[in-house]
Visitor: 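My structure is below; once you've seen it, I'll send some questions.
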Amino acid sequence: MPHSKTSDPHGFKRRGVLFVLSSPSGAGKSTIARKLLEADSSLQMSVSATTRSMRPGEVDGRDYHFVDLEQFRQMVSDQQFLEWAHVFGNRYGTPRAPVDAMLADGRDVLFDIDWQGAQQLHQIAGGDVVRVFILPPSMEELERRLRGRATDSEEVIDGRMGRAHGEIAHWDGYDYVLVNDDADACFAKVQTILQAERMKRSRQTGLIGFIRKMNPAGPV
Ligand code: ADP
Ligand code: 5GP
């Protein structure tokens, strides 16, 4: 993965963060992702490719790159994906080139991907990846949120509820697990995690130069 240069205090160069948000559908991950992107100009969203059909209100290229099975298979064989997986009967994948470009441009990258994607990304990019899992306060509240969102039919809501337990079972594949009770409080925690992760010594590749300047004769 390319290094990124950021506007952190002192302008140290650092490695970009690959920030993964996962949750069972309806727990509030898109809401948090939207707020993060609004609040933080150095963070950019990775737009996945998918074979599922477009939902009303979705925009091709903004929400997903909507492709057919043939195109998806071609992208897989051309090794265009950083990771890809079958999710709920469709295929989803993270295009590699835009992620490389965002990191090279000094950005951190936000991923809304499932546990399989988080696992694969962690395998290939290890310490650059930060994985956050969002839990609902309860299954009842999860169902209330899915209904309140009013984007899905009864059948789709039942399907999402049916799959929620399976997704929650992967909570231990994440670095941070948060309960999204109060939306503002949860958002603040996610922001804190991102800010702290950016400051990790292992990401601050520009630190050595700074230390050398302070103490040219000393050890680094
Ligand atoms: P996801 O992306 O995880 O499927 P959304 O972000 O679409 O979930 O949230 C599902 C619904 O719940 C939306 O209507 C959203 O406004 C609402 N919501 C999100 N977070 C909270 C919260 N902390 N408390 C109450 N409602 C919430
Ligand atoms: P939806 O169809 O509701 O938008 O997304 C369904 C699930 O697919 C969500 O859990 C979402 O996080 C996951 N997903 C979206 N894009 C990708 C991707 O590129 N890779 C993987 N592994 N999962 C994805």
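Order of listing sets the numbers, starting from 1, for every ligand and every atom in it. This one's a predicted model, so the numbers in the text were calculated from it and none came from an experiment.
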Visitor: Under 3.5 Å, is there a donor-acceptor pair between the Glu197 and Tyr176 side chains?
Guide: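 Glu197 vs Tyr176: donor-acceptor pair found between side chains.
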Visitor: Which atoms of ligand 2 are found less than 4.0 Å from any heavy atom of Gly93?
Guide: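 Once the distances to Gly93 are compared, the set is 18 (C), 19 (O).
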Visitor: Is there a nitrogen or oxygen of Ala85 sitting under 3.5 Å from a nitrogen or oxygen of ligand 2?
Guide: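 No; every N/O pair is 3.5 Å or more apart.
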Visitor: Residue-level breakdown please: for His86 versus ligand 2, do any non-hydrogen atoms fall below 4.0 Å on the side chain, on the backbone, on both, or on neither?
Guide: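 No part of His86 is near ligand 2 at this cut-off.
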Visitor: Under a 4.0 Å heavy-atom limit, does Tyr64 contact ligand 2 with its side chain, its backbone, both, or neither?
Guide: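 Side chain only.
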Visitor: Looking at Phe88, is Arg163 sitting on its ring face, NZ or CZ under 6.0 Å from the six-membered ring centre and within 45 degrees of the normal?
Guide: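 Yes, cation above the ring, under 6.0 Å and within 45°.
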Visitor: Can you sort out which atoms of ligand 2 are near Thr94, meaning under 4.0 Å from one of its heavy atoms?
Guide: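 The atoms of ligand 2 under 4.0 Å from a heavy atom of Thr94 are 19 (O).
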Visitor: With a 4.0 Å cut-off, would you call Arg160 and Glu143 a salt bridge?
Guide: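 Judged by the 4.0 Å cut-off on N to carboxylate O distance, Arg160 and Glu143 do not form a salt bridge.
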Visitor: Going by the atom numbers of ligand 2, which of them fall below 4.0 Å from some non-hydrogen atom of Arg52?
Guide: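 In order of number, 1 (P), 2 (O), 4 (O).
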Visitor: More than 12 non-hydrogen atoms from neighbouring residues, nucleotides or ligands closer than 6.0 Å to CZ on Arg201, yes or no?
Guide: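 No.
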Visitor: How far is atom 9 (C) of ligand 2 from the closest protein heavy atom, and which atom is that?
Guide: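 Checking every protein heavy atom, the shortest distance to atom 9 (C) of ligand 2 gives Lys29 NZ, 4.0 Å.
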Visitor: Does ligand 2 come near enough to Asp114 that some N or O of the ligand is less than 3.5 Å from an N or O of the residue?
Guide: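 Yes, there is a polar N/O contact under 3.5 Å.
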Visitor: Which protein N or O atoms sit under 3.5 Å from any N or O of ligand 1? Give atom names and distances.
Guide:
from, atom 1, to, atom 2, distance (Å)
ligand 1, 2 (O), Ser30, N, 2.8
ligand 1, 2 (O), Ser30, OG, 2.4
ligand 1, 3 (O), Ser23, OG, 3.3
ligand 1, 3 (O), Gly26, N, 3.3
ligand 1, 3 (O), Ala27, N, 3.3
ligand 1, 3 (O), Gly28, N, 3.0
ligand 1, 3 (O), Lys29, N, 2.9
ligand 1, 4 (O), Gly26, N, 2.7
ligand 1, 4 (O), Arg149, NH1, 2.8
ligand 1, 6 (O), Ser30, N, 3.4
ligand 1, 6 (O), Thr31, N, 2.9
ligand 1, 6 (O), Thr31, OG1, 2.5
ligand 1, 7 (O), Arg149, NH1, 2.9
ligand 1, 8 (O), Gly28, N, 3.1
ligand 1, 20 (N), Asn180, ND2, 3.3
ligand 1, 23 (N), Asn180, OD1, 2.9
ligand 1, 23 (N), Asp181, O, 3.0
ligand 1, 23 (N), Ala183, N, 3.2
ligand 1, 24 (N), Arg145, NH2, 3.1

Visitor: Is it the case that ligand 2 has an N or O less than 3.5 angstrom from some N or O of Tyr92?
Guide: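 Looking only at distances, the answer is yes, because the N/O contact criterion of under 3.5 Å is met.
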Visitor: Using a strict cut-off of 4.0 Å, indicate which atoms of ligand 2 neighbour a heavy atom of Gly117.
Guide: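 Counting from 1, the qualifying ligand atoms are 22 (N).
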Visitor: Answer yes or no: is there an ion pair linking Arg198 with Asp40, defined by an N-O contact shorter than 4.0 Å?
Guide: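 Salt bridge: yes.
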Visitor: Starting from atom 19 (O) of ligand 2, which protein heavy atom do you reach first, and at what distance in Å?
Guide: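 It is Ser48 OG, 2.7 Å.
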Visitor: I'd like to know whether the aromatic ring centres of Trp84 and Phe72 sit less than 6.0 Å apart in this structure.
Guide: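 When the ring centroids of Trp84 and Phe72 are compared, they turn out to be within the sub-6.0 Å range.
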Visitor: Among all residues two or more places apart in sequence or in another chain, which pass the salt bridge (charged side-chain N to carboxylate O under 4.0 Å, His left out) test with Asp175?
Guide: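 Only Arg131 meet the salt bridge (charged side-chain N to carboxylate O under 4.0 Å, His left out) criterion with Asp175.
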Visitor: Is there a polar contact between ligand 2 and Glu167, counting only N or O atoms under 3.5 Å apart?
Guide: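 No, Glu167 has no N/O under 3.5 Å of an N/O on ligand 2.
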Visitor: Tell me whether Arg55 has any N or O atom under 3.5 angstrom from an N or O of ligand 2.
Guide: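 Between Arg55 and ligand 2, an N or O pair is found under 3.5 Å apart.
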Visitor: Between Glu141 and Arg145, is the closest basic N to carboxylate O distance under 4.0 Å?
Guide: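 Yes, Arg145 and Glu141 are salt-bridged.
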Visitor: Pairs of nitrogen or oxygen atoms closer than 3.5 Å, one from Glu83 and one from ligand 2: do any exist?
Guide: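 The answer is yes, given that Glu83 and ligand 2 share an N or O pair closer than 3.5 Å.
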Visitor: I want to confirm something. Looking only at heavy atoms, which of Val20, Asp63, Val87 is nearest to atom 8 (O) of ligand 2?
Guide: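 Residue with the shortest heavy-atom distance to the ligand atom: Val87.
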Visitor: Flag yes if more than 12 heavy atoms outside Lys35 fall under 6.0 Å of its NZ atom; otherwise flag no.
Guide: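 Correct, the count exceeds 12.
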Visitor: Checking Arg96 side chain against Phe81 main chain: does a donor-acceptor pair fall under 3.5 Å?
Guide: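 Here the side-chain-to-backbone pair exists.
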Visitor: Please determine whether any non-hydrogen atom of Phe81 lies less than 4.0 Å from an atom of ligand 2.
Guide: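 Outside the 4.0 Å threshold, so no.
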